[in-house]
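Written out below as structure tokens is the structure these notes cover.
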Amino acid sequence: MMEKNREVCYRGTRSNGQAVKASQAILKGLCEDGGLFVPDHIPTLDKSLGELAGMSYQEIAYEVMKLFLTDFTETELKDCIRKAYDEKFDTEVIAPLVEAEDAYFLELFHGATIAFKDMALSILPHLLLTSARKNHITNEIVILTATSGDTGKAALAGFANVEGTRIIVFYPKDGVSPIQEKQMVTQKGANTLVVGIHGNFDDAQTGVKRIFSDKALEAEMAGKGFQFSSANSINIGRLVPQVCYYVYSYAKLLAEGKIRDGEKINVVVPTGNFGNILAAFYAKNMGLPIGKLICASNENKVLFDFFRTGVYDRNREFVLTSSPSMDILISSNLERLIYRIAGDNADKNRELMASLSRKGVYEIDGAMKEKLQDFYGNYADESETAAVIKKIYEDCGYVIDTHTAVAAAVYEKYKAETGDNTKTVIASTASPFKFTRSVMNAIDAKYDSMTDFALVDELSKLANVKVPQAIEDIRTAPVVHDKQCDVDQMQAVVREFLNI
Ligand SMILES: *Cc1c(COP(=O)(O)O)cnc(C)c1O
């Protein structure tokens, strides 16, 4: 485990072009040919598990991130970590591990927006600014994001009032939940802009992509001292910070004597875009003793089918579920795994991705499928999801959100199918207060008649958990963003905000 680590460079998944340094990959976000940046090798942990067991979240974050972001200095990285994981989190430990039922729930929702996207989006702005400085970029960075709800707020919270940046978020005016909308339109910070568009999420996403690829606009922006960047989940600057909490959870289990040094644990991840579980896969490949990576899907079970058959097929009906952040048919980050199991073969990966974009489907060969042994996929339907919320509440008094419940239900299926009783960490990706109505309805149908905020108070009593500040904030916060626009006006809105 103590071997010396080399510098990590980043290559695209779709061509064999030149590798770039970590800071350049963070600045670019996506390769020009549409591929994703991947590390040219996965570094090995250079501290023993025993040493890690004695460390704080911030210290472990440093030990992990220094191995991936090798062109950052120690001071730069520690500075980013200190600014990210501070009082914005409502607990000093940042990511508490709660034992309930027969698993350990790793609570990743103690940040500003009470969902796990905060784990990465609180540090991304600092990584991005440091990267800009290192590469002698003096332009102001303008973050453009299309959101279906959660990413927008987490990005706003991360970038608000960060000097040298502005952030513009477009959301479908009638396509997000009332709580999600309220969270966004009450966002403070003079460098923030939130705009409701008259269209759906795909329209917002397409509009943003069009602005990104407009070369004339790019040149004009540069002349005025601006450049675009993205807070999208495919940025390596979001992936790397997610590796840290898997290492942290292992270290805590070891420190608390729940496992022996070197004992394998399993990890269950409620999955949408495949970023979170890919981070767990990277942690395993760094030498963290992880057995199975259990990939949990909701009724949009593309990944379940993929792990069973080797066929990825997005041609199916899109189902709206009570775990909306997992309602996804194209899991962008899966491309990084496909590239890897193809033997880091960009040509092969590019063909598969071309097939996905042309026909909505691709199939991997037997040799690639062989390399998926670390993964187990399954899914939970709506009634199974609700049932497990009720069961865990009744057994332990512990209330989980709908996304985490998908993972808990899949974990039950995994155990029944395999008899594997390895100690298991379940990634708990959102606070139940973010999806109060679905959670309360799962516990008892009588709650359905109550108003949203009455339900919040009721949940607080039931779970014996204080209402999170993020929810208190929106009870009374004034609306500060009320701009709306048509899809074809998005560029004009950007120009107006930047005064160009
Ligand atoms: C984004 C999100 C997920 C899915 O995570 P991926 O990294 O996209 O797989 C799961 N749960 C919640 C609450 C989320 O916000």
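All values below come from the heavy atoms of this structure, side chains included, with hydrogens, waters and symmetry mates left out. Each ligand, and each atom within it, is numbered from 1 in the order the structure gives.
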In ligand 1, which numbered atoms sit nearer than 4.0 Å to a non-hydrogen atom of [X]?
X      : answer
Thr271 : 9 (O)
Gly275 : 6 (P), 7 (O), 9 (O)
Ala430 : 13 (C)
Phe274 : 6 (P), 8 (O), 9 (O)
Asn276 : 7 (O)

Item checked: Carboxylate-amine/guanidinium contact Asp374 Lys284, below 4.0 Å ->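 Counted as a salt bridge, because a side-chain N and a carboxylate O are separated by less than 4.0 Å.
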
Note to self: For the residue pair Arg316 and Phe304, would you count it as a cation-pi contact if the rule is NZ or CZ under 6.0 angstrom from the ring centre and within 45 degrees of the ring axis?
What the structure shows: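 Pair Arg316/Phe304 does not count as cation-pi.
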
Next item on the list: Using the ring of Tyr171 (Phe, Tyr or Trp, six-membered ring only), decide whether Lys153 places NZ or CZ under 6.0 Å from its centre and within 45 degrees of its axis.
Entry: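 Cation-pi check for Lys153 and Tyr171: fails.
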
Considering only protein heavy atoms, which is closest to [atom], and at what distance to one decimal place?
atom                    : result
atom 12 (C) of ligand 1 : Thr429 OG1, 3.5 Å
atom 6 (P) of ligand 1  : Asn273 N, 3.5 Å
atom 9 (O) of ligand 1  : Gly272 N, 2.8 Å
atom 3 (C) of ligand 1  : Phe116 CE2, 3.7 Å

Note to self: Consider salt bridge (Lys or Arg N to Asp or Glu O under 4.0 Å). Of Lys390, Lys391, Lys413, which one does Glu384 pass it with?
What the structure shows: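 Single pass found, and it is Lys413.
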
Next item on the list: Quick one: look at Lys117 and ligand 1, take heavy-atom pairs under 4.0 Å, and tell me if it's side chain, backbone, both or neither.
Entry: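 Under 4.0 Å from ligand 1, Lys117 contributes side-chain atoms alone.
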
Notebook entry, point to check: Under a 4.0 Å heavy-atom limit, does Asp150 contact ligand 1 with its side chain, its backbone, both, or neither?
Noted result: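 Side chain only; the backbone of Asp150 stays clear of ligand 1.
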
Next item on the list: Measure up the Tyr85 and Tyr57 rings against each other and bin them: parallel (under 30°), tilted (30 to 60°), perpendicular (over 60°).
Entry: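 Correct class here is perpendicular.
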
Notebook entry, point to check: Side chains of Ser131 and Gln24: donor-acceptor distance under 3.5 Å anywhere?
Noted result: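 No donor-acceptor contact under 3.5 Å links the two side chains.
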
Next item on the list: Look at ligand 1 and say whether Pro270 reaches it with a heavy atom at a distance under 4.0 Å.
Entry: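 Per 4.0 Å heavy-atom rule, Pro270 contacts ligand 1.
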
Notebook entry, point to check: Using the benzene-type ring in the case of Trp, are the ring centres of Phe435 and His403 under 6.0 Å apart?
Noted result: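 Centroid distance Phe435-His403: below 6.0 Å, so yes.
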
Next item on the list: Step through it carefully: locate the ring centre of Phe37, locate the ring centre of Tyr10, and say whether they are under 6.0 Å apart.
Entry: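 No: the rings miss the under 6.0 Å criterion.
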
